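Below is one structure, written out as structure tokens, with a few remarks after it.
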Amino acid sequence: MSSSRPIAIYYEQPRWFLPLFAELDRRGTPYVKLNATEHAYAIEDRPEQKYSLVVNRMSPSAWNREHGDCIFYTLGFLDHLERRGVRIINGLTAFRNELSKAAQLSLLDELALPYPKARVIHRASQAVAATEGLRWPVVVKPNIGGSGAGVKRFDTREALAAAADAGELAFGLDSTALVQEFIPARGGHIVRVEVLNGKFLYAIKVHVTGETFDLCPADICRTPDGATLDASLAACPIEAPKAGLRVEGYEPPPEVIADVERIMVASGIELGGIEYITDDRDGQRLYYDINALSNFVSDGLHLVGFDPFVKLADWLEAEAARVEGGKL
């Protein structure tokens, strides 16, 4: 790749992107790292003169790492970039959609796609009344989430009422939460479908226990037969295997791929993942999570037959070359 301006990778959790950095280093691709926790900019900056494109890798789960300030800072930075005409992968619209689980469900409803029934609340005192018309169990989840953070399951009205009274419900950074039906997973798994350039890239089944809601694919380190994936890969940290979670490659039906690509176009997300679950009670497929941040699965070559970071680097180089050539 020949480019006079480097690609900028804007991120908050560096460990997740070490494989991408390594691939770009291997190719000699010009790029710069923009660490959100240290980043600042001047209004008179001209980022369009500095970068061929900016890749937004900010995570909504940053608040779990005491970096919640970066989330709202990023909204302003993306707005600044867009006003300057910078090519952004997963720009302001994509990031805003990722930040609101309520907005994601509204988008799915607009697209006439199935999703778990939910209510949106902003005070703990509303939680019990919000369960009216929902099937039990229910979960309460922060509107700004990430990696299952703050999600709690309740099997009875009494348990939910007690948690609400005790101040044990997590509302997150925007003081908003969802009360949502808990969906028992048919086959004991959910499916995550990844897209690159808005198009299907691969899918995985994540086998769940029902006891955890942290399904970050980069941190799941075992296959269904119990084999440990390559722990030397930074995206599969040896210190964070998720107990009871197993993962395998999967080819989703064509209608799922079509649905996922529609969702991503509507969300403004070019690089990300959609998660869905099949309700064991009635066989209904339900889409429930729209992600603009894809860490990619650990040891992709073993699980899905190729290294997704190689394909990502190919695409970033091609996009940067298009910008440099004035074709955008």
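Excluded from the calculations below are hydrogen atoms, water molecules and symmetry mates; all remaining heavy atoms, backbone and side chain alike, are included. Values in this document were obtained by computation on a predicted structure and should not be read as measured data.
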Is there side-chain contact between [X] and [Y], with heavy atoms separated by less than 4.5 Å?
X	Y	value
Y31	D25	yes
K205	V191	yes
L293	M58	no
V260	I257	no
I274	E261	no
F95	I71	yes
F17	V55	no
P252	R285	no

Out of curiosity, does [Y] fall in the hydrophobic cluster containing [X] (side-chain heavy atoms, cut-off under 4.5 Å, transitive links)?
X	Y	result
Y276	V265	no
L20	L303	yes
L173	L178	no
V193	I277	no

message: Assess, by modelled atom type and distance only, whether the side chains of Y73 and H39 contain a donor and an acceptor separated by less than 3.5 Å.
response: yes
Polar side chain donor-acceptor pair, E317 to T29, under 3.5 angstrom: yes
Whether [X] side chain and [Y] backbone form a donor-acceptor pair below 3.5 Å:
X	Y	value
T156	A159	yes
E23	A313	no
D279	Q284	no
D109	L105	no
R5	E48	yes
E324	S52	no
R87	V323	no
N143	K101	yes
R119	A129	no
D45	P47	no

message: Exactly one of E194, R57, M264 should register a side chain to side chain contact (heavy atoms under 4.5 Å, CB included) with L271. Which one does?
response: R57
- prompt: Are any of the side-chain nitrogens in E181 or R135 under 4.0 Å away from the carboxylate oxygens of its partner?
  reply: yes
- prompt: Do K152 and E168 sit within salt-bridge range, that is, some charged N less than 4.0 Å from a carboxylate O?
  reply: no
field: CA sep, side-chain torsions, deciding dist, call: F296, D307, side-chain contact (heavy atoms from CB on, under 4.5 Å)
entry: CA-CA 9 Å; F296 290 142; D307 184 345; over 6 Å; no
Over all atoms of both residues, closest heavy-atom pair of [X] and [Y]:
X	Y	answer
L286	P116	CB-CD, 4.1 Å
L111	R262	O-NH2, 3.0 Å
A292	N90	O-ND2, 2.7 Å
L134	A118	CD2-N, 4.2 Å
L169	A127	CD1-CB, 3.8 Å
F182	R281	O-NH2, 3.5 Å

query: Above 12 or not: heavy atoms from other molecules or residues under 6.0 Å from CD of E255?
result: yes
message: List the residues meeting ring-ring contact (aromatic ring centres under 6.0 Å, His included) with F154, not counting sequence neighbours, and say none if there are none.
response: none
- prompt: Among N56, N35, T74, which one satisfies side chain to side chain donor-acceptor pair (under 3.5 Å) with Y10?
  reply: T74
query: Roughly how far, to the nearest 0.5 Å, is CD of E275 from CG of D289?
result: 4.5 Å
query: Looking at CG of D174 and CG of L99, how far apart are the two atoms once the value is rounded to the nearest 0.5 Å?
result: 8.5 Å
message: Is it the case that the ring center of Y287 lies less than 6.0 angstrom away from the ring center of Y115?
response: no
task: Please step through side-chain contact (heavy atoms from CB on, under 4.5 Å) for the pair H207 and E248, ending with a clear verdict.
output: CA-CA 8 Å; H207 295 262; E248 62 180 310; 2.7 Å; yes
Derivation and outcome, salt bridge (Lys or Arg N to Asp or Glu O under 4.0 Å), residues E82 and R96: CA-CA 14 Å; E82 290 194 358; R96 282 175 172 161; over 6 Å; no
- prompt: Do the rings of F306 and Y202 sit parallel, tilted or perpendicular, given the 30° and 60° boundaries?
  reply: perpendicular
message: Between H189 and I204, is the side-chain contact (heavy atoms from CB on, under 4.5 Å) condition met? List the steps.
response: CA-CA 10 Å; H189 68 265; I204 55 171; over 6 Å; no
message: Between V256 and E251, does the side-chain contact (heavy atoms from CB on, under 4.5 Å) criterion hold? Intermediate values first, please.
response: CA-CA 10 Å; V256 165; E251 185 67 29; over 6 Å; no
